[in-house]
Enquirer: 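Have a look at this one.
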Amino acid sequence: MLLSDLLPHTLREAPAEAEVPSHRLMIRAGLIRRHAAGIYSWLPIGLRVLRKAERIVREEMERIGAVELLMPCVQPAELWHESGRWQKYGPELLRMTDRREREFCFGPTHEEIITDLIRNVVSSHRQLPLTLFQIQTKFRDEVRPRFGIMRAREFLMKDAYSFHLDEDTLAETYTRMREAYERILERIGLDYRVVEADNGAIGGNSSHEFHVLADAGEDTIVYAPQGQYAANLELARAQAPEGERPAPGAELEHVPTPNARTIPEVAKLLKIPAERCVKTLIVQGSEAAAVALVLRGDHELNHIKAARLAEVASPLVLLDAEAVEALGGLKFGSIGPVGLEMPVIADRDAAILSDFCCGANKPGEHYIGVNWDRDVDEPAVADLRLAREGDTSPDGQGTLAFARGIEVGHVFELGTRYSEAMGAVAQDDHGAERPLSMGCYGFGVSRVVAAAIEQSHDKRGIIWPAAIAPFDILVVPVGHGRSADMLGAAERLHDELEQAGFEVVLDDRALRPGVMFKDAELLGIPHRLVLSERSLEQGMVEYRARTAESNEDIPRERIADFLRERMHPPE
RNA sequence: CGGGGUGUAGCUCAGCCUGGUAGAGCACUACGUUCGGGACGUAGGGGUCGUAGGUUCAAAUCCUGUCACCCCGACCA
């Protein structure tokens with residue numbers, strides 16, 4: 001293929017808006033182009049990469065017996081009303097009306113459509129289990145699209161759905177899908193972690209996320225480097241405290257704390273470590289107007305965990321200063337559980353404290369020597385806090401470390417949430433009609449391309465993993481001006497390698513060598529061959545891997561074999 | 001949605017404070033010289049200064065509204 005035919009458009013400088021390496025490099029290399037926030041074109045070279053990622057995903061889906069179909073991007077509102085999500089999904093759902101004022105949305109996901117399809121097509125256990133997938137453009141009207149293709153509003157996703165009448169085959173498909181995702185990420189050559197996850201808006205039971213590790217990642221993942229445990233920080237269980245609560249050793253005492261509102265200020269003023277203070281957060285209750293959450297002073301509230309408590313409203317609402325004041329004159333900076341007239345839930349670490357310090361529910365006053373049971377009713381106890389680096393892993397193996405991750409895949413066991421709402425049933429082997437169990441499995445195809453660049457680039461440009469590189473080999477002829485047949489020689493080399501089965505692109509732009517070399521590095525094609533007047537005379541070709549610092553001269557007639565060995569080294 | 005910021009040529013930016021003929025580098029076109037790490041010369045093309053209104057003899061510049069975009073926090077492949 002000729003580079004000049006591929007709409008090459010490299011930039012020396014990236015637009016000011018591009019912040020993270022993958023976004024900058026994709027724009028500079030001319031792989032994508034933005035039209036509006038989170039909406040991009042894929043230029044020919046970029047599209048080759050996307051198609052390669054897509055092909056790997058498709059192959060691994062087919063390997064586990066999933067079957068491809070294609071569903072519509074535009075979906076009728078009625079189906080979303082049936083599942084209840086027309087109300088629930090919120091402004092992220094791009095809604096529209098047709099000429100007859102009938103409502104539609106641009107699909108952000110396809111549970112409704114697939115369930116509608118299956119309920120009309122499947123009626124017997126003999127047709128199950130069944131796993132279907134598609135690779136298709138999705139639209140989610142993200143609050144804040146950013147980082148180019150990484151968090152776009154329009155993006156390419158593989159979504160798969162499985163249907164079952166028994167939990168065993170659902171669990172089996174779920175496991176096979178997890179393994180398929182691991183194979184995809186291994187084939188692309190990415191460093192990743194599988195983590196326990198929250199189910200979010202899609203709902204259901206068990207759920208795992210697949211994160212590619214990268215500094216630009218938007219999620220914090222928690223994992224034990226020496227053990228198996230890994231989870232999204234939102235979900236990571238905190239280490240349970242050991243031992244019993246010590247018996248009270250101090251008297252309850254009222255102390256003035258003028259101008260000390262935060263835990264560090266109070267701790268400093270009273271010369272008490274933050275670990276012996278508690279903070280009290282007032283949130284909206286599910287039934288009660290307010291619920292108090294008590295955490296140790298040095299711990300942070302995990303909002304997801306709090307929202308999951310039956311007593312607490314979901315999603316979590318932290319009451320603001322005004323609402324707190326309305327509850328009997330409470331002020332931020334001096335709230336504590338003593339004498340508080342509302343349900344109190346303490347984190348496990350706060351619940352085993354004795355002789356602790358807390359706000360006295362009057363501005364500028366605190367209590368010290370506070371003890372549960374003696375001074376305050378025993379609280380309900382729950383895991384409320386965020387995990388911290390250095391905590392012992394919840395499974396006891398090693399200590400927790402944090403890393404940044406880019407979520408490229410997410411698998412869910414949905415159960416019967418959609419099939420019950422939408423009446424997707426089949427007859428079991430006794431002739432009884434039962435709702436189908438579902439699994440759903442998403443993989444961000446366009447996002448994994450950005451993730452690959454985040455993990456594999458240097459200051460000069462992209463370093464494509466071989467599996468998704470737009471081409472295997474770039475041929476660069478230099479010295480057009482001196483040697484009349486330079487381009488002809490390059491074309492012969494290109495044709496020969498193409499016939500040998502390589503994907504080859506020839507830089508036929510006849511630019512100055514420096515420009516072509518810079519672009520070669522920016523584009524990141526794994527193998528570069530340079531032809532020059534000198535090498536032609538000597539019957540050699542100059543080879544350099546994208547990752548190498550220097551050149552090797554390879555005899556012209558050996559070049560195909562040499563490249564074969566480089567790309568597929570003998571075991 | 002809350003907080004901060006930016007809109008001037010395809011890209012990076014200057015000009016704005018202190019109103020007076022819209023600029024530079026890169027990119028683009030033509031010609032010439034160059035040709036192993038982002039060359040040089042000459043001549044060109046391209047911008048109603050985001051947008052609407054106001055102040056003024058005169059607005060890129062001052063004022064008001066509005067839109068778009070970017071960054072930091074609550075959501076997701």
Side-chain angles (χ1 to χ4, degrees), chain A residues 8-20 23-24 27-28 30 33-39 53 57 89-93 108-110 135-160 181 184 197-202 207 209-212 218-219 232 234 303-304 307 315-318 320 405-412 440-451 460-461 476-483 486 510-522 528 530-535 542 544 551:
Chain A
H9 185 71
T10 55
L11 296 176
R12 234 190 254 208
E13 290 170 293
E17 76 213 31
E19 294 276 319
V20 297
H23 189 195
R24 297 178 64 81
I27 302 259
R28 283 192 54 213
R33 202 75 190 170
R34 188 178 73 90
H35 301 284
I39 297 178
V57 171
Y89 211 92
E92 211 172 285
L93 187 64
T109 175
H110 279 68
I135 297 175
Q136 188 217 31
T137 298
K138 298 281 186 281
F139 193 96
R140 296 186 186 176
D141 200 355
E142 292 275 354
V143 187
R144 187 142 90 85
R146 60 179 150 177
F147 302 158
I149 226 70
M150 198 138 97
R151 178 190 288 282
R153 291 195 293 174
E154 185 178 309
F155 59 98
L156 189 68
M157 176 175 167
K158 186 282 302 177
D159 47 325
Y181 279 24
I184 291 166
D198 184 51
N199 287 349
I202 298 184
S207 169
E209 290 171 355
F210 293 73
H211 284 264
V212 170
E218 296 185 272
D219 292 279
N232 198 306
E234 292 173 345
H303 290 223
I304 303 276
L316 189 73
V317 180
L318 282 162
D320 60 20
I406 300 166
E407 184 187 354
V408 295
H410 201 156
V411 295
F412 299 86
C440 80
Y441 318 91
F443 191 92
V445 181
S446 45
R447 182 180 280 184
V448 84
V449 171
R460 294 180 179 140
V476 181
V478 303
H480 299 87
R482 294 224 196 88
S483 176
M486 179 56 65
L511 297 173
R512 296 169 60 82
V515 178
M516 292 193 286
F517 291 150
K518 290 287 183 198
D519 277 354
E521 279 149 359
L522 181 57
R528 187 185 83 186
V530 174
L531 279 183
S532 66
E533 193 178 40
R534 177 177 58 88
S535 59
E542 208 173 283
R544 182 146 155 188
N551 302 326

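Computed from heavy atoms alone, side chains included, the values below leave out hydrogens, waters and symmetry copies. The structure presented is a predicted model; accordingly, all values stated were derived computationally and were not measured. Lettering of chains follows the sequences in order, A, B, ..., and the numbering in each one begins at 1.
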Enquirer: Identify whether any heavy atom of A:Arg153 sits under 4.0 Å from a base atom; if not, whether one sits that close to sugar-phosphate; answer base, sugar-phosphate or nothing.
Expert: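 The residue A:Arg153 makes no contact with any strand.
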Enquirer: Send over the distance from A:Met157 CE to B:rC76 C1', rounded to a whole Å.
Expert: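 It is 10 Å, rounded to the nearest whole Å.
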Enquirer: Would you tabulate the pairs of protein nitrogen or oxygen atoms and nucleotide nitrogen or oxygen atoms of nucleotides 10-13 of chain B closer than 3.5 angstrom?
Expert:
from: B:rG10; atom 1: O2'; to: A:Arg33; atom 2: NH2; distance (Å): 3.2
from: B:rC11; atom 1: O2'; to: A:Glu13; atom 2: O; distance (Å): 3.4
from: B:rU12; atom 1: OP1; to: A:Ala16; atom 2: N; distance (Å): 2.5
from: B:rU12; atom 1: O4'; to: A:Glu13; atom 2: OE1; distance (Å): 3.4
from: B:rU12; atom 1: O2'; to: A:Glu13; atom 2: OE2; distance (Å): 3.1

Enquirer: For atom C1', what is the distance between B:rA22 and B:rG15, given to the nearest Å?
Expert: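 Those two atoms are separated by 9 Å.
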Enquirer: Donor-acceptor check, side chain of A:Arg528 to backbone of A:Arg544, threshold 3.5 angstrom: yes or no?
Expert: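 Checked: no pair found.
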Enquirer: Taking atom P in both B:rU61 and B:rA9, compute the distance separating them and give it to the nearest angstrom.
Expert: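 After rounding to an integer number of Å, I get 15 Å for this pair.
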Enquirer: Checking all strands, does A:Arg544 fall into the base, sugar-phosphate, or nothing category for heavy-atom contacts under 4.0 angstrom?
Expert: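 A:Arg544: base contact, heavy atoms under 4.0 Å.
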Enquirer: Closer to the 5' end of RNA chain B via nearest nucleotide, is it A:Arg151 or A:Gly38?
Expert: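 Going by which nucleotide is closer to the 5' end, it is A:Gly38.
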Enquirer: With side chains defined as the heavy atoms from C-beta onward, is the minimum distance between A:Glu154 and A:His35 less than 4.5 Å?
Expert: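 Result no, sub-4.5 Å side-chain heavy-atom pair not found.
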Enquirer: Ignoring the backbone of A:Ala37, work out which of B:rC70, B:rC35, B:rC26 is nearest its side chain.
Expert: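 That would be B:rC70.
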Enquirer: Using the six-membered ring for Trp and the full ring for Phe, Tyr or His, decide whether A:Phe517 stacks on the six-membered base ring of B:rG38 (centres under 5.5 Å, planes under 30°).
Expert: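 No.
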Enquirer: What nitrogen or oxygen pairs link the protein and nucleotides 42-44 of chain B at under 3.5 Å?
Expert:
none

Enquirer: Could you tell me which nucleotide pairs with B:rG36 by Watson-Crick or G-U wobble geometry, both distances under 3.5 Å, or answer none if nothing does?
Expert: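 Checking every strand shown, B:rG36 finds no partner, since no pair has both distances under 3.5 Å.
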Enquirer: How far, in whole Å, is B:rA14 from B:rC57 if one measures between their C1' atoms?
Expert: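 Going atom to atom, C1' in each nucleotide, I get 29 Å.
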Enquirer: If you measure from the P atom in B:rC63 to the same atom in B:rU55, how many Å do you get, rounded?
Expert: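 Pairwise P distance, B:rC63 against B:rU55, rounds to 15 Å.
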Enquirer: Once you round it to whole Å, what is the distance between P of B:rG38 and CD of A:Glu521?
Expert: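 After rounding, the reported distance stands at 11 Å.
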Enquirer: Are A:Phe139 and A:Asp141 packed together at the side-chain level, in the sense that at least one heavy-atom pair is separated by less than 4.5 angstrom?
Expert: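 When only atoms from C-beta onward are counted, A:Asp141 and A:Phe139 do touch, with a gap below 4.5 Å.
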Enquirer: Considering only heavy atoms from C-beta outward, does the side chain of A:Arg460 approach that of A:Phe517 to under 4.5 Å?
Expert: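 Contact flag for A:Arg460/A:Phe517 side chains = no.
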Enquirer: Considering every strand shown, what is the Watson-Crick or G-U wobble mate of B:rC76 when both distances are under 3.5 Å?
Expert: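 When the pairing criteria are applied, nothing turns out to pair with B:rC76, so the answer is none.
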Enquirer: So do the side chains of A:Asp159 and A:Cys440 get within less than 4.5 Å of each other, counting heavy atoms only?
Expert: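 A side-chain contact is absent here, since even the closest heavy-atom pair is not under 4.5 Å.
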Enquirer: Short question: side chain of A:Arg34, backbone of A:Gly148 - any donor-acceptor pair under 3.5 Å?
Expert: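 The answer is no, because no donor-acceptor pair under 3.5 Å joins these two groups.
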Enquirer: Tell me, do A:Phe443 and A:Ile135 make a side-chain contact under 4.5 Å, heavy atoms counted?
Expert: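 Side chain of A:Phe443 against side chain of A:Ile135, heavy atoms only: no contact under 4.5 Å found.
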Enquirer: Hunt down the Watson-Crick or G-U wobble partner of B:rA9, both distances under 3.5 Å, from any strand shown, or write none.
Expert: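 By the stated definition (distances under 3.5 Å), nothing pairs with B:rA9.
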Enquirer: With sugar-phosphate meaning primed atoms plus P, OP1 and OP2, does A:Glu218 contact a base, only sugar-phosphate, or nothing at under 4.0 Å between heavy atoms?
Expert: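 Answer is nothing: A:Glu218 stays at 4.0 Å or more from every strand.
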Enquirer: Measuring only the C1' atom in each nucleotide, how far is B:rA52 from B:rG5? A whole number of Å is fine.
Expert: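 So the two C1' atoms sit 22 Å from each other.
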Enquirer: Taking atom P of B:rC35 as reference, at what distance in whole Å does atom CE of A:Met516 sit?
Expert: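 It works out to 14 Å between those atoms.
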Enquirer: So if I take every side-chain heavy atom of A:Pro513 and compare against B:rG36, B:rC71, B:rC70, which nucleotide ends up nearest?
Expert: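 Of the options given, the side chain of A:Pro513 lies nearest B:rG36.
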Enquirer: Less than 4.5 Å apart, any side-chain heavy atom of A:His110 and any of A:Lys138?
Expert: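 Side-chain contact under 4.5 Å: yes.
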Enquirer: Could you state the interatomic distance from CD1 (A:Ile304) to CG (A:Asn232), rounded to the nearest 0.5 Å?
Expert: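 CG of A:Asn232 is found 8.0 Å from CD1 of A:Ile304.
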Enquirer: Counting side-chain heavy atoms from C-beta on, which of B:rG36, B:rG38, B:rA77 comes nearest to A:Lys518?
Expert: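 Among B:rG36, B:rG38, B:rA77, the one nearest the side chain of A:Lys518 is B:rG38.
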Enquirer: Taking atom P of B:rG36 as reference, at what distance in whole Å does atom CZ of A:Arg528 sit?
Expert: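 Distance, rounded to whole Å: 14 Å.
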Enquirer: How far, in whole Å, is B:rG3 from B:rU8 if one measures between their C1' atoms?
Expert: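 B:rU8 and B:rG3 have their C1' atoms separated by 27 Å.
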Enquirer: In whole Å, I'd like the distance from the CG atom of A:Asn232 to the P atom of B:rC76.
Expert: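 After rounding, the reported distance stands at 11 Å.
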Enquirer: Across the strands shown, which category fits A:Val408 at heavy-atom distances under 4.0 angstrom: base, sugar-phosphate, nothing?
Expert: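 Answer is sugar-phosphate: A:Val408 comes under 4.0 Å of backbone atoms only.
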Enquirer: Could you check which of B:rC75, B:rC71, B:rG37 has an atom nearest any side-chain atom of A:Glu19?
Expert: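 In terms of side-chain proximity for A:Glu19, the closest of B:rC75, B:rC71, B:rG37 is B:rC71.
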Enquirer: Select base, sugar-phosphate, or nothing to describe what A:Arg146 touches, counting heavy atoms under 4.0 Å on all strands.
Expert: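 It contacts sugar-phosphate atoms only.
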Enquirer: When rounded to the nearest 0.5 angstrom, what is the spacing between CG in A:Leu522 and OG1 in A:Thr10?
Expert: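 With rounding to 0.5 Å, CG (A:Leu522) is 6.5 Å from OG1 (A:Thr10).
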Enquirer: Nearest to the side chain of A:Asn551 - B:rG36, B:rG38, B:rG73?
Expert: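 Selected nucleotide (nearest to the side chain): B:rG36.
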Enquirer: Nearest whole Å is fine: how far is B:rC40 P from A:Arg512 CZ?
Expert: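 Rounding to the nearest Å, CZ of A:Arg512 and P of B:rC40 are 8 Å apart.
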Enquirer: If you look at every strand shown and take non-hydrogen atoms under 4.0 Å, does A:Ala152 touch a base, only sugar-phosphate, or nothing?
Expert: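 Base contact.
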Enquirer: Can you tell me the base-pairing partner of B:rC49? Count Watson-Crick or G-U wobble geometry only, both distances below 3.5 Å, and say none if there is no partner.
Expert: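 Base partner found: none.
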Enquirer: With rounding to the closest Å, how many angstrom separate the P atoms on B:rG25 and B:rG65?
Expert: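 About 38 Å, rounded to a whole number of Å.
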Enquirer: Any strand is fair game: report the nucleotide pairing with B:rU42 by Watson-Crick or G-U wobble, both distances under 3.5 Å, or none.
Expert: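 B:rA30 is the nucleotide pairing with B:rU42.
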Enquirer: Look only at the side chain of A:Arg447 and the backbone of A:Met150, and say whether a donor-acceptor pair between them is shorter than 3.5 Å.
Expert: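 Yes, A:Arg447 side chain to A:Met150 backbone: donor-acceptor pair under 3.5 Å.
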Enquirer: Rounding to a whole Å, what distance do you find between A:Arg28:CZ and B:rC26:P?
Expert: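 Between P of B:rC26 and CZ of A:Arg28: 17 Å.
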Enquirer: Looking only at side-chain atoms of A:Glu542, point me to the closest of B:rG36, B:rG38, B:rC75.
Expert: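 Selected nucleotide: B:rG36.
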Enquirer: Look at the side chain of A:Glu407 and decide which nucleotide, out of B:rC26, B:rA77, B:rG36, has an atom nearest to it.
Expert: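 Nearest listed nucleotide: B:rA77.
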Enquirer: Ignoring hydrogens, what is the shortest heavy-atom contact between A:Glu542 and A:Asn551? Give both atom names and the distance.
Expert: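 Closest heavy-atom pair between A:Glu542 and A:Asn551: OE2-ND2, 3.1 Å.
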Enquirer: When all nucleic acid strands are considered with a 4.0 Å heavy-atom cut-off, which category describes A:Asp159: base, sugar-phosphate, or nothing?
Expert: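 Nothing, no nucleic acid heavy atom in range.
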Enquirer: Please pick, from B:rG36, B:rA27, B:rA77, the nucleotide with the shortest atom-to-atom distance to any side-chain atom of A:Arg12.
Expert: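 Output: B:rA27.
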Enquirer: Can you tell me how far P of B:rA77 sits from CD of A:Glu142, to the nearest Å?
Expert: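 It is 9 Å, rounded to the nearest whole Å.
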Enquirer: Looking only at atom C1', what distance separates B:rG46 and B:rU29, rounded to whole Å?
Expert: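 One C1' to the other, the span is 11 Å.
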Enquirer: My understanding is that only residues two or more places apart in sequence, or in another chain, count here; which of them pass ring pair (Phe, Tyr, Trp, His ring centres under 6.0 Å) with A:Tyr441?
Expert: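 Checked A:Tyr441 against ring pair (Phe, Tyr, Trp, His ring centres under 6.0 Å); zero matches.
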Enquirer: Between B:rC72, B:rG36, B:rG37, which nucleotide gets closest to the side-chain atoms of A:Arg144?
Expert: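 The answer is B:rC72, which lies nearest to the side chain.
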